[in-house]
Amino acid sequence: MGLTLYILECSDASLYTGVTNDLERRFAEHQEGLNPDAYTYSKRPVRLLFAETFQDYNLAHEWEKRIKGWSKKKKWALIKGEWKSLKLFSECQNDSHHKNK
């Protein structure tokens, strides 16, 4: 049994990324609002958009941290399986980037 990386859509349209060893239980915890200090507490209901199971715990946590740093557009590309868009949103969009000069 591994860890599942998941992405939720909150009622305010924000996206929450997490990792769990029991997705069904963790999703129920988000929906029930067990922890008033949790990000999703005031943003319920939530909707599960993406889940991927990893057998390597370190890799699951590494990807969680990486995805949390992504833009919303890039997360949606992952959720929708739009690999070309995911690659596009991975490129630097700054005006100072050499490809934009």
Side-chain angles (χ1 to χ4, degrees):
M1 183 171 169
L3 285 180
T4 301
L5 168 75
Y6 62 94
I7 301 175
L8 304 175
E9 182 179 34
C10 301
S11 63
D12 67 353
S14 64
L15 299 176
Y16 175 84
T17 304
V19 173
T20 183
N21 63 355
D22 185 340
L23 183 58
E24 188 175 320
R25 174 193 50 80
R26 188 68 183 111
F27 181 74
E29 290 173 354
H30 282 292
Q31 286 290 47
E32 293 168 18
L34 299 178
N35 181 357
D37 296 327
Y39 177 81
T40 57
Y41 181 81
S42 62
K43 302 172 185 322
R44 293 172 289 144
V46 295
R47 182 170 64 119
L48 180 65
L49 299 177
F50 178 84
E52 182 73 33
T53 301
F54 292 79
Q55 296 308 313
D56 182 321
Y57 281 38
N58 293 327
L59 189 57
H61 287 290
E62 178 184 319
W63 273 99
E64 175 194 25
K65 185 176 180 180
R66 184 177 297 176
I67 291 171
K68 282 184 174 187
W70 288 2
S71 69
K72 193 171 184 179
K73 284 182 181 181
K74 190 171 176 181
K75 290 176 187 177
W76 272 108
L78 174 66
I79 292 162
K80 294 178 180 180
E82 295 175 351
W83 309 121
K84 288 182 182 180
S85 295
L86 184 63
K87 183 178 178 183
L88 174 69
F89 296 138
S90 296
E91 295 176 1
C92 181
Q93 303 296 316
N94 294 337
D95 290 335
S96 61
H97 191 272
H98 77 278
K99 287 184 178 180
N100 299 324
K101 289 190 176 199

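Residues meeting the salt bridge (charged side-chain N to carboxylate O under 4.0 Å, His left out) test with Lys68, sequence neighbours left out: Glu64. Looking at residues two or more places apart in sequence or on another chain, you find a side-chain contact (heavy atoms from CB on, under 4.5 Å) between Asn58 and Asp56. In this structure Lys75 satisfies the salt bridge (charged side-chain N to carboxylate O under 4.0 Å, His left out) test with no other residue, sequence neighbours excluded. Under the salt bridge (charged side-chain N to carboxylate O under 4.0 Å, His left out) criterion, Asp37 pairs with no residue at all, not counting sequence neighbours.
Using modelled atom types, one finds no donor on one side chain facing an acceptor on the other under 3.5 Å when comparing Thr4 with Thr20.
Residue Leu23 shares its hydrophobic cluster (ILVMFWY side chains chained together at separations under 4.5 Å) with Tyr6, Leu8, Tyr16, Phe27, Tyr39, Val46, Leu48.
We find the NE2-SG distance between His30 and Cys10 to be 8.5 Å, quoted to the nearest 0.5 Å. Separation of atoms CZ (Phe54) and CG (Leu3) is listed at 9.5 Å; rounding is to 0.5 Å. One distance of note links CG of Leu59 with CZ of Arg66; it measures 8.0 Å at 0.5 Å rounding. One finds the CD1 atom of Ile67 at 5.5 Å from the CG atom of Leu78 (value rounded to the nearest 0.5 Å). Separating the CG atom in Asp22 from the CD atom in Glu29 is a distance of 8.0 Å, to the nearest 0.5 Å.
Heavy-atom neighbours of Lys73 NZ from other residues, nucleotides or ligands within 6.0 Å: at or below the threshold of 12.
There is a path of hydrophobic side-chain contacts, each under 4.5 Å, that joins Ile79 to Val19.
Taking the side chain as every heavy atom from C-beta outward, Phe50 and Thr17 never approach each other to under 4.5 Å.
A salt bridge (Lys or Arg N to Asp or Glu O under 4.0 Å) check over residues 44-55, counting only residues at least two apart or in different chains, returns the pairs Glu9-Arg47.
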